[in-house]
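The structure appears right after this line, and notes come after that.
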Protein chains: 2
Amino acid sequence: MAHRPIPEPFQRDRHDHQECVSSAVEAAHELCVRRRIRLTELRRRVLELVWGGHAPIGAYDILDTLRGERRSAAPATVYRALDFLLENGLVHRIESLNAFVGCGAPRQAHSGQFLICRACDTVAEIDDGEIAGVLSRNAAKLGFRVDRQTVELTGLCPACADAAG
Amino acid sequence: MAHRPIPEPFQRDRHDHQECVSSAVEAAHELCVRRRIRLTELRRRVLELVWGGHAPIGAYDILDTLRGERRSAAPATVYRALDFLLENGLVHRIESLNAFVGCGAPRQAHSGQFLICRACDTVAEIDDGEIAGVLSRNAAKLGFRVDRQTVELTGLCPACADAAG
DNA sequence: TGTATTTTGTTATGTTATAACATACTATGT
DNA sequence: ACATAGTATGTTATAACATAACAAAATACA
């Protein structure tokens with residue numbers, strides 16, 4: 001079935017963000033059906049909260065909101081839901097921020113690279129085969145076999161770079 | 001003046017590690033003289049502890065050792081020394097591990113890329129211009145201006161890859 | 001020597017994450 | 001429908017990582 005595509009990196013001004021959230025939840029739902037795993041109410045809700053914006057959100061920020069809705073919410077509640085979402089590629093962890101962002105393209109397996117604006121906190125995920133290729137290849141030249149790539153580029157997004165001159 | 005070079009990534013079997021430590025301390029000393037900043041006893045000692053091996057070490061592991069030598073040691077003691085060493089490029093932080101490794105080539109400014117063996121915990125720093133170039137260039141194509149690159153590749157080093165088959 | 005600056009000491013607290021065990025829910029075979 | 005195995009969540013406690021704020025000591029340097 002057809003989804004409206006999630007906006008491309010940094011083309012995000014004045015977009016209907018609710019559309020991002022519902023697309024992400026719908027994609028997650030389909031992925032879970034396909035894999036015969038359960039997108040429970042809790043997991044769906046945590047996914048929505050991660051998709052609250054295009055900025056990374058911390059586990060305890062998620063918890064703060066969740067507590068207003070579910071009196072049993074505790075750190076383990078959130079971390080377990082996040083673990084599930086991470087394992088299934090529905091969210092990514094930004095290591096340099098100890099925070100989480102939604103994955104815009106959960107269909108394909110990928111590690112992804114992240115562009116993190118230090119001014120507006122927006123994170124764009126890219127899945128750049130050239131980058132992944134150079135990393136794997138150059139590691140392999142040293143005899144290193146790469147399992148997982150963590151690539152996080154911090155700087156200024158186009159809008160903030162313009163504003164900063 | 002001449003230093004014996006710190007061993008190349010993954011050529012580290014049976015090397016004299018004390019040589020790595022003393023090289024690193026000597027390089028740090030010279031860098032601090034040149035920059036007119038102070039490599040105090042505390043900072044020198046923390047640098048040595050970071051260089052205790054080629055595996056990343058956590059701040060609280062450093063603290064545990066330091067407490068045996070200096071009864072006033074507290075978290076802030078260690079973090080302040082680490083901040084100094086980080087600012088001056090003498091150590092690097094491995095974001096995906098919340099831990100620190102010594103920098104083998106503190107003379108030049110660089111962000112570096114890290115190859116982290118998940119079997120033996122050895123970390124090798126590389127400073128690969130091709131990688132840095134592709135990252136900056138491909139981010140720039142999207143209008144993103146990169147300040148800082150975090151590149152951490154987890155996998156198996158040559159020795160552990162051989163052992164694993 | 002006096003004074004400004006930097007470094008370290010000290011205490012407290014904030015933030016992020018996991019362990020361990022109990023209970024509840026869901027799917028499946030009979 | 002029932003038993004039961006497996007999965008998910010509740011609950012309490014604690015571990016691991018990091019910073020804030022102010023005092024005291026050491027150092028640089030006029």
Side-chain angles (χ1 to χ4, degrees), chain A residues 28-29 32-50 55-88 90-101 121 150 152, chain B residues 28-29 32-50 55-88 90-101 121 150 152:
Chain A
H29 175 73
C32 288
V33 168
R34 212 171 331 115
R35 293 189 188 164
R36 292 172 166 67
I37 53 180
R38 282 187 273 168
L39 187 64
T40 61
E41 170 62 19
L42 173 66
R43 290 164 176 176
R44 186 190 57 68
R45 185 63 185 128
V46 170
L47 180 63
E48 283 176 359
L49 293 174
V50 171
I57 186 172
Y60 281 76
D61 293 330
I62 295 170
L63 179 56
D64 285 345
T65 301
L66 209 56
R67 271 195 211 283
E69 306 170 355
R70 188 181 267 256
R71 73 187 191 300
S72 67
T77 314
V78 173
Y79 280 102
R80 284 191 290 224
L82 287 170
D83 285 345
F84 171 87
L85 297 169
L86 286 166
E87 277 165 15
N88 288 287
L90 296 165
V91 305
H92 292 288
R93 180 180 163 80
I94 305 297
E95 299 291 349
S96 58
L97 298 172
N98 294 332
F100 304 85
V101 290
D121 292 332
T150 297
E152 300 175 7
Chain B
H29 175 73
C32 288
V33 169
R34 213 172 328 116
R35 293 190 188 161
R36 291 173 168 66
I37 53 180
R38 280 188 273 167
L39 186 65
T40 61
E41 171 61 20
L42 172 65
R43 291 164 175 175
R44 186 190 56 69
R45 185 65 185 128
V46 169
L47 180 62
E48 283 177 358
L49 292 174
V50 170
I57 186 171
Y60 280 75
D61 292 330
I62 294 169
L63 179 56
D64 286 344
T65 301
L66 209 58
R67 271 196 211 283
E69 305 170 356
R70 188 182 267 256
R71 73 186 192 299
S72 68
T77 314
V78 173
Y79 281 103
R80 284 191 292 225
L82 287 171
D83 285 345
F84 171 87
L85 297 170
L86 286 166
E87 276 165 16
N88 289 288
L90 296 165
V91 305
H92 292 289
R93 180 180 163 80
I94 305 297
E95 299 290 348
S96 58
L97 297 173
N98 295 333
F100 304 84
V101 290
D121 292 333
T150 298
E152 300 174 6

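Convention: sequence-line order gives letters A, B, ...; per-chain numbering from 1.
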### Query
Is the backbone N or O of F84(A) less than 3.5 Å from a side-chain atom of N88(A), with the two atoms forming a donor-acceptor pair by type?
yes
### Query
In terms of side-chain geometry, is the basic nitrogen of E48(A) or R44(A) positioned less than 4.0 Å from the acidic oxygen of its partner?
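Looking at E48(A) and R44(A), the cut-off is met.
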Whole angstroms only, please: what is the [atom1]-[atom2] distance between [X] and [N]?
X: R36(B); N: dC29(D); atom1: CZ; atom2: C1'; result: 14 Å
X: L42(B); N: dT27(D); atom1: CG; atom2: C1'; result: 15 Å
X: E41(B); N: dG9(C); atom1: CD; atom2: C1'; result: 16 Å
X: D83(A); N: dA17(C); atom1: CG; atom2: C1'; result: 10 Å
X: L63(B); N: dA16(D); atom1: CG; atom2: P; result: 13 Å
X: L39(B); N: dT8(C); atom1: CG; atom2: C1'; result: 15 Å
X: R71(B); N: dT11(C); atom1: CZ; atom2: P; result: 11 Å
X: I37(B); N: dT5(C); atom1: CD1; atom2: C1'; result: 16 Å

Contact under 4.0 Å: [X] side-chain N or O vs [N] OP1/OP2:
X: R70(A); N: dG10(D); result: yes
X: R93(A); N: dA17(C); result: yes
X: R43(B); N: dT7(C); result: yes
X: Y79(A); N: dA17(C); result: yes
X: Y60(A); N: dT15(C); result: no

### Message
So, under a plain 3.5 Å distance rule, would you say the side chain of R80(A) forms a donor-acceptor pair with the base of dG10(D)?
### Response
yes
### Summary
Smallest heavy-atom separation, R93(A) atom then F100(A) atom, equals NH1-CZ, 3.4 Å
#### Entry: Minimum heavy-atom distance E95(B)-E152(B), with the two atoms named
N-OE2, 2.7 Å
Select one nucleotide: of [options], the one nearest the side-chain heavy atoms of [X].
X: T40(A); options: dG10(D), dA8(D), dA18(D); answer: dA8(D)
X: R38(B); options: dT6(C), dC17(D), dT9(D); answer: dT6(C)
X: A74(A); options: dG9(C), dT19(D), dT11(D); answer: dT11(D)

### Message
For a quick check of understanding: with a heavy-atom distance under 4.0 Å over all strands, which category does A76(A) fall into, base, sugar-phosphate or nothing?
### Response
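Base contact.
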### Query
Starting at the 5' end of DNA chain C, which residue's closest nucleotide do you reach first, A99(A) or T77(B)?
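Counting from the 5' end, the first nearest nucleotide belongs to T77(B).
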### Query
V46(A) pairs by side chain to side chain contact (heavy atoms under 4.5 Å, CB included) with which of T77(A), L90(A), L66(A)?
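So, applying the side chain to side chain contact (heavy atoms under 4.5 Å, CB included) to V46(A) and each of T77(A), L90(A), L66(A), only L66(A) qualifies.
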